[in-house]
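To keep things clear, I will list the structure first and then write my remarks on it.
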Amino acid sequence: MRRLALIDCNNFYVSCEQAFNPALRNRPVVVLSNNDGCVVSRSAEAKQAGIPMGIPYFQVRKQLASIDGAVLSSNYVLYADMSRRAMRLIAEQFPEQEIYSIDECFVDLSGLSADQALIQAFKLKQHLMQCLSLPVSVGIGSTKTLAKLAASLAKRPGATGVANFSNPMSPERLAEMRQQPVGEIWGIGRRTTQSLEAANVLTVGDLLDKPVSWIRKRYSITLLRTVEELRGQDQLGLQAAAAPRQQIIASRSFGHPVYAKSELGEALATFVARAAERLRADHSLASIMQIYYNAKDPAADGDPCADAIILNLPHATDDTRLLIRQALRGLDEIYQPGLKYKKAGVVLGGIRSADIRQPGLTGLYPEAIAPSPIMKLMDHVNQRYGRDTVRIASMGVDAKAGWHMSCSRRSRRYTTALEELPVLSTQGIS
DNA sequence: TCTGGGGTCCTAGGACCC
DNA sequence: TCTGGGGTCCTAGGACCC
């Protein structure tokens, strides 16, 4: 019998912060998105105070201050490292693992009985708390969709943190599953929830009672697969090995508006460098690059405007230098003086394995055949001594340039930077 | 007056996820 | 004044091919 578990870190970003700073425990805490824009993670106390997920910070600043809430900028370096540690601990217990996101993974429990699975889930919870101070919820199910649904139950306030929707299910458990609102189901978002509710399909049970033909006629194959999964028929499988990405995006809203082409060029070159690092880490090449911007036009009452250009590269590449050259050429074509630039980005596409390199029919680009030793060296130095220790000159040298993000409330990189390690003294951790 | 059938590839847009 | 970033999959429609 197939049995899967979803392991989900509770309030992951906030929990990472609380792990290192006890003063943040048992009180309202939120972590903000890039540029301190929106609330993206909330402690239980912040949720209880009614702070919504995704709300712009400025709309809840006063409320947070009035309840003595702590507000933090995102510290992605810390979260990524904590994630890596948690995933490794989980894989030690359950080697069949699919890492689904920074704070979630699926594991295979097929060898275990339902009771054994529950016991193992509680043990794992305890283990992660002990090793990393990370609270997790575990949902068990015979498919990923059921495991997800179980996890959403498991993490409700007052719940035990573990829930099981895998067979054999008691009649009470089944009834509870069928009572869940459709909006709780993984893969059913806001729009589909609205549409289903309009058709008087309000719960999982309502949806399961609809004939396949009704679902297929009104919705896509995607929803049909979701329903099959809820019936216990596996449609999604466990993807143990991560497939290389098909698309790599690097983009940022600017800390301050940007006007000059040179500054926009520095920002774009930096985004290209980030994307190319990820490309090489995947052992991939890109053959298409898109660059784009969002801006406001002061000449038109500050109306928002945007433009983009798709660049077909002369050959598939992972070379930051070539990619930056092409990106700046693209910028020449879409840059408009006078606009107030708010955000820019780069998308790498046409991605394929770096095992096959070919220079194109013209033979004009012999360098396309072999990976660049300079890129390899650059990655190596930057991994060892820190990001951008070696960089391309067009990325600029001023780390305070206006386009860089603002993140004034970032905590320290406790686990990845020597000079920011926590210090233990008789007064506690500082 | 009569106007096929089957297929691929690409793109834009929508919906969803964390 | 201030509203994130990085992804996936599906669908419909157009261009093109034989």
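Proteins come first, then strands; the chains are lettered A, B, ... in the order of their sequence lines, and each starts at number 1.
Set against C:dT8, B:dC18, C:dC2, the side chain of A:Arg245 has C:dT8 as its closest nucleotide. Closest to the side chain of A:Ser251, out of C:dG6, C:dC10, C:dT3, is C:dG6. Checked against C:dC10, C:dT8, B:dC18, the side chain of A:Gln247 finds its nearest nucleotide in C:dT8. Comparing atom distances between the A:Ala250 side chain and each of C:dC9, C:dG6, C:dC10 picks out C:dG6 as nearest. Of the candidates C:dC9, C:dG5, B:dC17, the closest approach to any side-chain atom of A:Gln246 belongs to C:dC9. Residue A:Ile249 places its side chain closer to C:dG6 than to any other of C:dC2, C:dG4, C:dG6.
If you check every strand for non-hydrogen atoms under 4.0 Å, A:Asp103 touches sugar and phosphate atoms only. Backbone-only contact: A:Ile248 has heavy atoms under 4.0 Å from sugar-phosphate atoms and none from a base. When heavy atoms are screened at a 4.0 angstrom cut-off, A:Ile221 is found touching the sugar-phosphate backbone but no base atom. If you check every strand for non-hydrogen atoms under 4.0 Å, A:Thr192 touches sugar and phosphate atoms only. Contact annotation for A:Leu32: no contact, since no heavy-atom pair falls under 4.0 Å across all strands. Across all strands, A:Ile185 comes closer than 4.0 Å only to sugar-phosphate atoms, never to a base (heavy-atom distances). Residue A:Arg278 is classed as a sugar-phosphate contact, given heavy-atom separations below 4.0 Å to backbone atoms only. If you check every strand for non-hydrogen atoms under 4.0 Å, A:Tyr57 touches nothing.
Place A:Met53 and A:Ser220 on DNA chain C by their nearest nucleotides, and A:Met53 ends up nearer the 5' end. Where A:Tyr219 and A:Arg252 each meet DNA chain C at their nearest nucleotide, the meeting point lying more 5' is that of A:Arg252.
A:Thr145 and A:Thr143 share no side-chain donor-acceptor pair at under 3.5 Å. Judged purely by distance below 3.5 Å, without hydrogens or angles, the side chains of A:Tyr219 and A:Ser195 pair a donor atom with an acceptor atom. With no hydrogens or angles considered, a side-chain donor-acceptor pair links A:Arg3 and A:Ser166 at under 3.5 Å. A side-chain donor from one of A:Arg329 and A:Gln326 sits under 3.5 Å from a side-chain acceptor of the other.
Across all strands shown, the partner of B:dA15 is C:dT8, judged by Watson-Crick or G-U wobble contacts whose two distances both fall under 3.5 Å.
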- request: Go through A:Arg280 and A:Thr320 one step at a time and tell me if the side-chain hydrogen bond (donor to acceptor under 3.5 Å, both in side chains) criterion holds.
  value: CA-CA 10 Å; A:Arg280 292 192 292 273; A:Thr320 304; 2.9 Å; yes
